[in-house]
2 protein chains.
Amino acid sequence: MTIHDVAARAGVSVSTVSKVLNDRYGVATSTVDRVRAVIAELGYESSLVARSLRNHRTNVIGVLVWDIEPYSAELLKGAARAIKGTGYELVVYAAGGKGAERMGWEHRYLSRLSGTLIDGAVMVTPTVDTAPFSTPVVAVDPHTGSEVPTVDSDNFRGAQLAVEHLLGLGHRRIGLLRRPPRDLESGPQREEGYRSALQAAGITPDPDLVRAGGYDDSASEDAARQLLTLPDRPTAIFAANDVSAITTIDVAMALGLRVPGDLSVIGFDNVPESAMTEPGLTTIEQPLQLMGQRAIEMLVELLAGRDLPQTHVRLPTRLVVRGSCAAPPAEPRRVAVEHSAAR
Amino acid sequence: MTIHDVAARAGVSVSTVSKVLNDRYGVATSTVDRVRAVIAELGYESSLVARSLRNHRTNVIGVLVWDIEPYSAELLKGAARAIKGTGYELVVYAAGGKGAERMGWEHRYLSRLSGTLIDGAVMVTPTVDTAPFSTPVVAVDPHTGSEVPTVDSDNFRGAQLAVEHLLGLGHRRIGLLRRPPRDLESGPQREEGYRSALQAAGITPDPDLVRAGGYDDSASEDAARQLLTLPDRPTAIFAANDVSAITTIDVAMALGLRVPGDLSVIGFDNVPESAMTEPGLTTIEQPLQLMGQRAIEMLVELLAGRDLPQTHVRLPTRLVVRGSCAAPPAEPRRVAVEHSAAR
DNA sequence: GTGAAAGCGCTAACAT
DNA sequence: ATGTTAGCGCTTTCAC
């Protein structure tokens, strides 16, 4: 079913049909009606692909994500909300399906799609700088300081809030379970917030109390275990990642510690689901939907040829208390030695 | 940056480059190396659009949704999980952005994309039958009994479970807040389950206890109010939709009824978020992620030219008790008359 | 082993 | 007012 079929059926040339499709001048009213009738009769719709190969404008905005999981799904909800009424359509490309070549997927996808198919893109957590592209791009939560317009959340302040909350409860030895090294830009930001809050309270951060998790659960598990089996173990742990917060709680309980009785845990929340899983967990929340929404809004501005009021948008994080944090125990219980020896 | 640029730089013709790109035979090893080097140097990626206009195979599966909201987002997570390792890539088209012409979006999108760009599609809650397409299609939770392969959940059994649970607690007058008429196919299924459970318990369904909600909150609100201000009001309400369950609780509380003390409410859950909003709500849950996953699996089978073991997959729903339901009060409190008069 | 040319479905100059 | 034609970026015969 192509434009040729329509043309043949209506007894006109393809260019006439094209003109009717695009509301161009120079077609007799009677012809327009006839062609329209045939289009309706056949249920014809012009191919987005052929059209975008020709016109280099598609009215489509692409959101490029590595995978659709709880984190990106939240962003997508916000993006979908923001796209309404803009005249653009939204398509989401999930790279995760094809191949395992994670490095550089952003560049690959952007080259394959930009110019044709999408007028602009929102890239979620790009690992490489996608600056040398003519297509307008907005990055969400980029890994490295990037040249492109960016939306992220206030990781620094969020970490401060977490630690301030724990300090307010009386904790003095607060551990940090940070992200793996050389990961997202937000990792160092959260660590900075942690240090800053401690120092503001006159506490010198103890390097022993900072451990890095990894990409899989077991790395976080090891790190949590190391922290908790320290001779002078922390009475509270700030986990700079929602998954590692839950892991920490599990490890603590396995070690015979009560949460929050013996140990307070506070996590940097990425997704609402994690709050559900662990109902009592106090978290620092990022406004993920809002971030997706703002990214689209910025991109639409860019596509309209307007300048952005600010090229780097940082949204506030907030502390959400659900009851898990307690004051530090008067006499911190030591973890039995055999546990620390095990593995 | 096109194939021409690569050809020029490598001093060969475009067809040679194309052969290298597609691993075709008949190119000298030295030429292959040279072209590969240029491709790497330039960071060239072939245009998905041009390629798909030529080849009618793209290795891309499209998921077509009206909007990305909590319901479809859950399905997408499952779809993204299922796509891994299949060799296909996933793209999601959200129709909601463009125009308000909701009716028939599925047909419009399918025509514009199929044949080119996507090899097959998963349609989420289609309102019309998209049978006459050559492209393989799987429908999730379709509005009408459709000819295409389908994934849905056991709405009938889910409703039965809800009502059986209430009956087990001793309730006898159980109201039904159903979906609007002529909506999703799941509406009547849930109503049937409700009637069936009542009849199995020897109770004749009272037509007065069945009211329909609407697409906006206010319709559900009115319906809930009507039910609760009945002279012989129900002691429990089964809301065939998660939003209307929450609305029902709000209305009940506004009328001075305690939930669950004076009234038990049980809702058909579409999305995990609704459970969070109302932590005490007992719900019937659909396995949304699993539904998305199965839809992709079925489509992949279809694309491989294999037959489906079953063309209609129905996934189980389950009762999740979070504590909101109670036994009926010995002496049901009537709602004050002025409340029923109000509005 | 390599390149010229046709054509995928469509649009936009440019004829007529 | 309508049709003819070139070409978007690519793949694929088919000559050479």
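All heavy atoms count here, side chains included; hydrogens, waters and symmetry mates do not. Labels below follow one simple rule: chain letters A, B, ... track the order of the sequence lines, proteins then strands, and each chain is numbered from 1.
The C1' atoms of five pairs define one axis at each end of the helix from C/dG1-D/dC16 to C/dT16-D/dA1, and these two axes lie 50° apart (to 10°).
Looking only at atom types and distance, the side chain of B/S153 has a donor-acceptor partner in the side chain of B/Q286 under 3.5 Å away.
Taking atom CG of residue B/N59 and atom P of nucleotide D/dT11, one finds them 13 Å apart after rounding to whole Å. Distance CG (B/L117) to P (D/dC10): 15 Å, rounded to an integer number of Å.
In this structure, the side chain to side chain donor-acceptor pair (under 3.5 Å) partners of B/E106, at least two apart in sequence or on a different chain, are B/T127. Qualifying side chain to side chain donor-acceptor pair (under 3.5 Å) partners for A/R9, counting only residues two or more places apart in sequence or in other chains: A/E41. Not counting sequence neighbours, the partners of A/S13 by the side chain to side chain donor-acceptor pair (under 3.5 Å) test are A/S15, A/T16. B/H4 meets the side-chain contact (heavy atoms from CB on, under 4.5 Å) test with B/T2, B/V14; sequence neighbours excluded. Every salt bridge (charged side-chain N to carboxylate O under 4.0 Å, His left out) that A/R36 has, sequence neighbours left out, goes to A/D23. Scanning for side-chain contact (heavy atoms from CB on, under 4.5 Å) contacts around A/T58 gives A/S52, A/V60, A/D119, with sequence neighbours left out. When the side chain to side chain donor-acceptor pair (under 3.5 Å) test is applied to B/Y44, no partner is found at least two apart in sequence or on another chain.
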Restricting both atoms to N or O, compile the protein contacts to nucleotides 2-4 of chain D shorter than 3.5 Å, with distance only.
| unit_1 | atom_1 | unit_2 | atom_2 | d |
| --- | --- | --- | --- | --- |
| D/dT2 | OP1 | A/T31 | OG1 | 2.8 |
| D/dT2 | OP2 | A/A28 | N | 2.8 |
| D/dT2 | OP2 | A/T31 | OG1 | 2.9 |
| D/dG3 | OP2 | A/S13 | N | 2.7 |
| D/dG3 | OP2 | A/S13 | OG | 3.3 |
| D/dG3 | OP2 | A/T16 | OG1 | 3.1 |
| D/dG3 | N7 | A/S15 | OG | 3.1 |
| D/dG3 | O6 | A/K19 | NZ | 3.1 |
| D/dT4 | O4 | A/S15 | OG | 3.3 |

Side chains of residues 300-315 of chain A: which donor-acceptor partners sit under 3.5 Å, not counting sequence neighbours?
| unit_1 | atom_1 | unit_2 | atom_2 | d |
| --- | --- | --- | --- | --- |
| A/E301 | OE1 | A/R306 | NE | 2.9 |
| A/E301 | OE2 | A/R306 | NE | 3.4 |
| A/E301 | OE2 | A/R306 | NH2 | 3.2 |
| A/R314 | NE | A/D152 | OD1 | 3.1 |
| A/R314 | NH2 | A/D152 | OD2 | 2.9 |

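Residue A/V6 is tested with A/V20, A/V12, A/V38, A/L21 for a side chain to side chain contact (heavy atoms under 4.5 Å, CB included); the sole match is A/V38.
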**Report entry** B/D67/A/K84 under salt bridge (charged side-chain N to carboxylate O under 4.0 Å, His left out): CA gap, chis, key distance, verdict
**Finding:** CA-CA 10 Å; B/D67 190 13; A/K84 287 178 186 150; 2.7 Å; yes
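When heavy atoms are screened at a 4.0 angstrom cut-off, B/S18 is found touching base atoms of the nucleic acid.
Ring geometry for A/Y109 versus A/Y93: interplanar angle over 60°, hence perpendicular rather than tilted (30 to 60°).
For the segment residues 43-58 of chain B, residues with any heavy atom less than 4.0 angstrom from an atom of DNA chain D are, sorted by number, B/Y44, B/S46, B/S47, B/A50, B/R51, B/R54, B/N55.
Within the model, atoms CG of A/L75 and CZ of A/R294 stand 14.0 Å from one another, a figure rounded to the nearest 0.5 Å.
Chain B approaches DNA chain C within less than 4.0 angstrom (heavy atoms of the protein), and the contacting nucleotides run 5' to 3' from C/dG1 to C/dG9.
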